[in-house]
Each structure stands twice: as C-alpha cells, then as structure tokens.
Amino acid sequence: MASLAYLTSDFFDRDPRKVARALLGKLLIRRSRGVSLSGRIVETEAYLGEDDAAAHAAAGQTKRNSVLFGPPGFAYVYFIYGMHYCLNVSCMKEGEAGCVLIRALEPVSGIERMAALRGIELPKDPKLYKPSSLKSIASGPGRLAEAFGITRERDNGKNLTGEESDLRIAEDGSRVKNITAGPRVGIVKSAARPLRYFIADNPYVSGRKVKLPSP
DNA sequence: GAGGAGATCGTCT
DNA sequence: GACGATCTCCTCT
C-alpha cells in the first residue's frame with residue numbers, strides 16, 4: 001500500500017459539498033489495542049448549516065448537535081431509530097454548522113474483526129469470502145458504525161485530525177473516477193437536493209431504495 | 001428480487 | 001408524546 005497522508009483540519013474547513021466529494025476514496029482508519037481497521041469511503045452525504053431543513057443543525061444549536069457548530073474535523077455521532085449510530089464529520093469554521101455523513105465503506109483491512117463486530121461469520125480462507133458478506137459489513141451508516149465499533153459515548157466530539165486520535169481519515173494516493181451525485185437517502189425535507197455523493201459502479205455503495213416525495 | 005413494515009430509544013417539543 | 005440522516009426480516013411475485 002502507498003504511504004498514508006492523514007487529513008488535517010484544513011481539509012474540513014470548507015463547504016460540506018466539497019468535503020463530501022473529496023472524502024470519496026479516502027480511508028477511514030481505527031487503531032486500537034494494536035488492531036487496525038480500515039475502509040475506503042465510497043458514499044457520503046453533505047448536510048449544510050441552518051438553511052438545510054434536513055440537517056440536524058437546521059433547528060439551531062442544541063446539546064446533541066453542538067459538535068456541528070464546533071471546529072472542523074470532529075466526529076459527530078448520533079443515535080437513530082433506537083438502534084443505530086451514524087458517523088458524521090464536522091465542516092466549516094467554528095460557529096458555522098455543516099457536516100458530512102459517511103454512508104458506506106469498502107472494507108480494506110481488519111476485515112475479520114469488522115465482520116465479527118457486525119455479527120457476520122466469514123470463512124477462514126479470505127479467498128472464500130462471499131461478495132455479499134463483504135458488502136454487508138459497512139454498506140450503510142449504521143452498519144459501518146457497528147463495524148468500526150463507533151458509539152456516541154466513545155467517539156462523539158473526537159478530533160479526527162489529531163495525531164493521538166484512534167479514529168482518523170487518510171489518503172493513500174488512489175484516485176476516484178465516476179463520482180455521481182443524487183438525492184439523499186431516507187429523508188423527506190429537502191430530499192430533492194443532490195447532496196449524496198457516491199462512486200458509480202462501486203459494489204459497496206449502500207443499496208437503499210430512494211423514496212422521492214410525490215410531486 | 002422487490003417491497004413493506006416492525007423494531008426500539010434518544011432527543012426535542 | 002412524537003418522530004427519526006436505518007436495518008432486517010418476512011411476504012409476495
């Protein structure tokens with residue numbers, strides 16, 4: 001693998017739409033107790049500030065979403081539907097809300113560990129891994145959070161650009177082609193805005209049905 | 001394979 | 001008290 005360059009806060013100090021595009025192809029890396037988990041980001045969604053009705057920041061700053069109003073490059077983890085965590089990264093300068101939701105990853109390393117955290121059984125021989133099993137590890141916001149052991153208690157408010165952080169994002173020099181934009185998934189407000197970005201034809205993009213509001 | 005509905009609980013009103 | 005940036009199981013075709 002090529003040498004890794006960890007992203008700095010400058011990377012996130014700009015419009016969430018630019019960050020969401022730029023994050024595609026980057027590596028999300030968790031290092032803890034000598035175990036390294038990593039996955040390539042293949043799908044993201046941009047959530048703008050208070051003028052984006054679908055964003056958690058739309059109603060202004062609350063105790064829950066205060067990370068969004070903080071400095072760029074911090075993890076905003078929230079609990080949804082009573083059973084899932086979702087990982088966002090704050091964007092823009094302190095005082096300006098904005099974030100990018102990481103929706104799907106292509107597993108790269110520590111696959112056995114991630115599968116175990118997801119409750120997925122893999123054969124001992126990596127050659128026998130089923131594509132469907134690999135896809136189900138992290139193709140969705142709740143799934144990738146579970147695969148990386150991401151929880152609100154553990155990771156909310158964590159600086160993803162700090163050298164001491166166990167959760168960081170890096171680039172390895174790989175280039176991404178065929179970035180496609182489309183409507184965001186699972187929301188009603190501002191659903192038509194094309195703020196979801198994914199790598200076209202990548203099998204690890206989450207496969208949720210998109211419900212568009214009736215005209 | 002596609003579509004629908006239930007599960008389950010933190011957060012906000 | 002209502003709702004939600006989801007996932008999985010079950011049913012139907």
Side-chain angles (χ1 to χ4, degrees), chain A residues 12 15-17 19-21 23-24 28 39 41-70 74-92 97-107 114-122 130-157 160 180-198 203-214:
Chain A
F12 300 98
D15 190 299
R17 286 165 287 198
V19 177
R21 272 181 168 272
L23 276 177
L24 294 176
L28 180 68
I41 299 169
V42 298
E43 183 179 356
T44 58
E45 281 181 8
Y47 286 86
L48 312 180
E50 295 176 63
D51 60 344
D52 180 0
H56 283 184
Q61 187 170 354
T62 64
K63 187 180 173 185
R64 175 169 73 143
N65 67 18
S66 59
V67 175
L68 297 178
F69 292 82
F74 280 66
Y76 169 51
V77 180
Y78 66 90
F79 191 59
I80 188 97
Y81 296 117
M83 55 184 81
H84 300 296
Y85 289 101
C86 295
L87 173 66
N88 298 251
V89 187
S90 65
C91 301
M92 314 280 280
C99 69
V100 172
L101 168 67
I102 300 177
R103 285 192 55 86
L105 299 174
E106 173 183 345
M114 290 190 277
L117 285 166
R118 289 271 299 119
I120 297 169
E121 285 191 30
L122 291 176
K130 290 181 186 172
S132 60
S133 297
L134 293 176
K135 178 177 177 178
S136 64
I137 289 176
S139 63
R143 290 173 173 180
L144 77 87
E146 192 174 351
F148 270 68
I150 291 169
T151 66
R152 182 176 166 82
E153 296 74 29
R154 184 179 181 185
D155 298 302
N156 189 48
L160 301 183
T180 303
R184 291 175 293 190
V185 176
I187 58 173
V188 177
K189 302 166 187 169
S190 304
R193 300 174 83 166
L195 297 177
R196 171 178 177 239
Y197 303 94
F198 56 95
Y204 297 94
V205 169
S206 68
R208 297 301 297 168
K209 307 151 241 189
V210 178
K211 273 189 185 174
L212 291 174
S214 50

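Computed from a predicted model, the values in this text were never measured in an experiment. Chain letters run A, B, ... following the sequence lines, proteins first and then strands; every chain starts at 1. As a basis for the values below, the full set of heavy atoms in this structure was taken, side chains included, without hydrogen atoms, waters or symmetry mates.
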Enquirer: What is the distance from CZ of A:Arg152 to P of C:dA5, rounded to the nearest Å?
Expert: 15 Å
Enquirer: What integer distance in Å separates A:Leu144:CG from C:dA5:C1'?
Expert: 12 Å
Enquirer: List for me each residue that meets side chain to side chain donor-acceptor pair (under 3.5 Å) alongside A:Tyr197, sequence neighbours excluded, and say none if there are none.
Expert: none
Enquirer: Using a 4.0 Å cut-off on heavy atoms, which residues in residues 56-70 of chain A reach DNA chain B? List them by number, or say none.
Expert: A:Thr62, A:Arg64
Enquirer: Could you tell me how far apart A:Ile120 (CD1) and C:dT8 (C1') are, to the nearest whole angstrom?
Expert: 12 Å
Enquirer: When you check the phosphate oxygens OP1 and OP2 of C:dT8, does a side-chain N or O of A:Arg143 lie under 4.0 Å from one of them?
Expert: yes
Enquirer: With a 3.5 Å cut-off and just heavy-atom distances, do the side chain of A:Tyr78 and the base of C:dA5 make a donor-acceptor pair?
Expert: yes
Enquirer: Can you tell which of C:dA5, C:dT6, B:dC9 lies closest to the side chain of A:His84?
Expert: C:dT6
Enquirer: Atom CD1 of A:Ile80 to atom P of B:dT11: distance rounded to whole Å?
Expert: 11 Å
Enquirer: Rounded to the nearest Å, what distance is computed from the CZ atom of residue A:Phe79 to the P atom of nucleotide C:dC3?
Expert: 19 Å
Enquirer: Can a cation-pi geometry be assigned to A:Arg184 and A:Tyr47, taking NZ or CZ under 6.0 Å from the six-membered ring centre and within 45° of the ring axis?
Expert: yes
Enquirer: Are any non-hydrogen side-chain atoms of A:Arg196 and A:Pro183 less than 4.5 angstrom apart?
Expert: no
Enquirer: Taking CD from A:Glu146 and C1' from C:dT8, how many angstroms apart are they, rounded to a whole number?
Expert: 12 Å
Enquirer: Could you state the NZ-P distance from A:Lys135 to C:dT8, rounded to the nearest angstrom?
Expert: 12 Å
Enquirer: Measure CZ/A:Arg184 against C1'/C:dG4 and give the value in whole Å, please.
Expert: 14 Å
Enquirer: Base, sugar-phosphate alone, or nothing: which one does A:Tyr81 contact when heavy atoms must sit under 4.0 Å apart?
Expert: base
Enquirer: Taking side chain as C-beta onward, heavy atoms only, is A:Tyr85 less than 4.5 Å from A:Leu144?
Expert: no
Enquirer: For A:Glu43, is there any backbone N or O sitting under 3.5 Å from a side-chain donor or acceptor partner on A:Arg103?
Expert: no
Enquirer: Describe, in one word, how the ring planes of A:His56 and A:Tyr78 are oriented to each other, choosing from parallel (under 30°), tilted (30 to 60°) and perpendicular (over 60°).
Expert: perpendicular
Enquirer: Is it true that, when you exclude A:Glu121 itself, more than 12 heavy atoms of the residues, nucleotides or ligands shown sit nearer than 6.0 Å to its CD?
Expert: no
Enquirer: From C-beta outward on A:Met83, which listed nucleotide comes closest to its side chain: B:dC9, B:dT8, C:dA5?
Expert: B:dT8
Enquirer: Could you grab the distance from atom CG of A:Asp52 to atom OG of A:Ser190, nearest 0.5 Å is fine?
Expert: 5.0 Å
Enquirer: Would you say the side chain of A:Ile120 lies within less than 4.5 Å of the side chain of A:Ser136, judging by non-hydrogen atoms?
Expert: yes
Enquirer: Is there a side-chain polar atom (N or O) of A:Arg103 under 4.0 Å from OP1 or OP2 of C:dT6?
Expert: yes
Enquirer: For DNA chain C, what dot-bracket results from Watson-Crick or G-U pairs at under 3.5 Å, with [ ] for crossers and | for inter-strand partners?
Expert: ||||.|||||||.
Enquirer: Answer whether the closest heavy-atom distance between the side chains of A:Val77 and A:Asn88 falls below 4.5 Å.
Expert: no
Enquirer: Report yes if the ring of A:Tyr47 lies under 5.5 Å from the six-membered base ring of C:dA5 with planes under 30°, and no otherwise.
Expert: yes
